[in-house]
Amino acid sequence: MSDVIRMMKLPKGARVLDAVLVTDDLGTTGTLDVGWEATADEVADPNGFLNAIDVNSAAAINKMSTTAGYPGMLKQFSAEAQISITASQATTATTGTIELVVYYVVD
(Lines give C-alpha, C1' and ligand atoms only; values in the text may rest on other atoms or scores of the structure.)
Protein backbone atom coordinates (compact mmCIF):
# COMPACT_ATOMS: atom_id res chain seq x y z
CA MET A 1 0.00 0.00 0.00
CA SER A 2 1.29 3.47 -0.89
CA ASP A 3 1.64 6.25 1.65
CA VAL A 4 -0.26 9.45 0.84
CA ILE A 5 0.63 12.90 2.12
CA ARG A 6 -2.22 15.36 1.78
CA MET A 7 -0.95 18.81 1.02
CA MET A 8 -3.03 21.88 0.14
CA LYS A 9 -6.48 22.24 -1.37
CA LEU A 10 -6.95 24.28 -4.52
CA PRO A 11 -10.07 26.44 -4.69
CA LYS A 12 -12.84 25.98 -7.25
CA GLY A 13 -11.81 27.65 -10.50
CA ALA A 14 -8.06 27.29 -9.90
CA ARG A 15 -6.01 26.99 -13.10
CA VAL A 16 -2.64 25.39 -12.40
CA LEU A 17 0.41 27.06 -13.92
CA ASP A 18 3.16 24.95 -12.36
CA ALA A 19 3.98 22.54 -9.53
CA VAL A 20 7.38 22.40 -7.86
CA LEU A 21 8.49 19.55 -5.59
CA VAL A 22 11.62 19.92 -3.44
CA THR A 23 12.91 16.99 -1.41
CA ASP A 24 15.85 16.05 0.72
CA ASP A 25 17.69 12.86 -0.10
CA LEU A 26 15.10 10.38 1.18
CA GLY A 27 17.16 7.21 1.04
CA THR A 28 18.46 4.78 -1.53
CA THR A 29 15.07 3.93 -3.03
CA GLY A 30 11.71 5.56 -3.51
CA THR A 31 9.62 7.62 -5.88
CA LEU A 32 6.94 10.25 -5.36
CA ASP A 33 3.92 11.17 -7.47
CA VAL A 34 2.05 14.47 -7.17
CA GLY A 35 -1.55 14.86 -8.26
CA TRP A 36 -5.12 15.35 -7.10
CA GLU A 37 -7.79 13.28 -5.44
CA ALA A 38 -11.26 12.73 -6.92
CA THR A 39 -13.99 15.31 -6.40
CA ALA A 40 -17.63 15.31 -7.44
CA ASP A 41 -16.50 16.83 -10.76
CA GLU A 42 -12.97 15.49 -11.25
CA VAL A 43 -11.49 12.04 -11.74
CA ALA A 44 -8.50 11.41 -9.47
CA ASP A 45 -5.06 11.62 -11.09
CA PRO A 46 -2.42 10.79 -8.46
CA ASN A 47 0.43 11.67 -10.87
CA GLY A 48 -1.21 14.49 -12.82
CA PHE A 49 1.46 17.03 -11.83
CA LEU A 50 4.62 14.93 -11.36
CA ASN A 51 5.27 11.22 -11.87
CA ALA A 52 7.83 8.82 -10.39
CA ILE A 53 10.13 11.49 -8.96
CA ASP A 54 13.29 9.76 -7.69
CA VAL A 55 14.03 10.77 -4.11
CA ASN A 56 17.58 9.44 -4.12
CA SER A 57 19.32 12.77 -4.66
CA ALA A 58 20.05 15.56 -2.24
CA ALA A 59 18.08 18.79 -2.59
CA ALA A 60 16.23 17.63 -5.70
CA ILE A 61 14.02 20.25 -7.36
CA ASN A 62 11.41 18.99 -9.83
CA LYS A 63 9.11 21.27 -11.85
CA MET A 64 6.05 20.18 -13.80
CA SER A 65 6.75 22.87 -16.41
CA THR A 66 10.08 21.31 -17.43
CA THR A 67 8.41 18.16 -18.78
CA ALA A 68 5.72 18.15 -21.45
CA GLY A 69 2.63 16.02 -21.22
CA TYR A 70 1.44 16.33 -17.62
CA PRO A 71 -2.38 16.58 -17.59
CA GLY A 72 -2.20 19.05 -14.71
CA MET A 73 -0.50 21.73 -16.82
CA LEU A 74 -3.00 24.60 -17.24
CA LYS A 75 -5.77 22.38 -15.84
CA GLN A 76 -8.71 24.25 -14.38
CA PHE A 77 -10.53 22.63 -11.48
CA SER A 78 -14.32 22.93 -11.42
CA ALA A 79 -14.47 22.10 -7.69
CA GLU A 80 -12.17 22.39 -4.69
CA ALA A 81 -9.36 19.85 -5.19
CA GLN A 82 -7.18 18.05 -2.64
CA ILE A 83 -3.56 17.91 -3.80
CA SER A 84 -1.61 14.87 -2.59
CA ILE A 85 1.84 13.31 -2.78
CA THR A 86 1.93 9.53 -3.09
CA ALA A 87 4.99 7.45 -2.24
CA SER A 88 4.59 4.91 -5.02
CA GLN A 89 7.67 3.03 -3.91
CA ALA A 90 8.73 2.91 -0.26
CA THR A 91 11.71 5.04 0.65
CA THR A 92 14.42 3.95 3.06
CA ALA A 93 14.43 7.37 4.75
CA THR A 94 13.74 7.80 8.43
CA THR A 95 13.83 11.62 8.28
CA GLY A 96 13.66 14.28 5.60
CA THR A 97 11.70 17.16 4.18
CA ILE A 98 9.23 17.28 1.29
CA GLU A 99 8.04 20.67 0.07
CA LEU A 100 5.43 21.36 -2.60
CA VAL A 101 4.44 24.64 -4.24
CA VAL A 102 1.55 24.80 -6.70
CA TYR A 103 1.27 28.02 -8.71
CA TYR A 104 -2.25 28.79 -9.84
CA VAL A 105 -4.63 31.58 -10.78
CA VAL A 106 -8.37 31.73 -10.35
CA ASP A 107 -10.20 32.60 -13.57
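The chain is numbered in sequence order, starting from 1.
Between the Tyr104 side chain and the Leu74 main chain, no donor and acceptor come within less than 3.5 Å of each other. For Asp24 (side chain) and Thr97 (main-chain N/O), a donor-acceptor pair under 3.5 Å exists by modelled atom type. Between the side chain of Trp36 and the main chain of Glu42, no donor-acceptor pair closer than 3.5 Å is present. Put simply, the side chain of Thr66 gets close to the backbone of Lys63: a donor and an acceptor are under 3.5 Å apart. At distances below 3.5 Å, at least one donor-acceptor pair connects side-chain atoms of Asp18 with backbone N or O atoms of Ser65. Gln82 places a side-chain N or O within donor-acceptor distance of the main-chain N or O of Met7, the cut-off being under 3.5 Å.
Side-chain contact check for Ile85 versus Leu100: some heavy-atom pair is nearer than 4.5 Å. The shortest side-chain heavy-atom distance between Leu21 and Ile98 falls under the 4.5 Å cut-off. You'll find the side chain of Asp41 stays beyond 4.5 Å of the side chain of Phe77, heavy atoms only. Between Leu32 and Thr23 the shortest side-chain heavy-atom distance falls below 4.5 Å. Within the 4.5 Å cutoff, side-chain heavy atoms of Leu17 are placed close to those of Val105. Counting only heavy atoms from C-beta outward, the side chains of Ser84 and Ile5 never approach each other to under 4.5 Å. Counting heavy atoms from C-beta outward, Val4 and Glu37 have side chains that approach closer than 4.5 Å. At least one side-chain heavy atom of Val102 sits under 4.5 Å from a side-chain heavy atom of Met8.
The distance from the CD atom of Glu99 to the CD1 atom of Ile61 is 9.5 Å, given to the nearest 0.5 Å. To the nearest 0.5 Å, atoms NZ (Lys12) and CD (Gln76) are separated by 10.5 Å. Once rounded to the nearest 0.5 Å, the distance linking CG of Leu10 with CZ of Arg15 reads 13.0 Å.
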Test side chain to side chain donor-acceptor pair (under 3.5 Å) on Thr86 and Asp33 and set out the steps. CA-CA 5 Å; Thr86 304; Asp33 296 333; 5.8 Å; no

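Considering every non-hydrogen atom in both Leu50 and Asn62, the closest pair reads CD1-O, 4.0 Å. Residues Asp45 and Pro71 come closest through the heavy atom pair OD2-CG, 3.2 Å. Residues Tyr70 and Asn51 share a closest heavy-atom pair of OH-N, 3.1 Å. Between Ala79 and Thr39, the shortest heavy-atom contact is CB-OG1, 4.0 Å.
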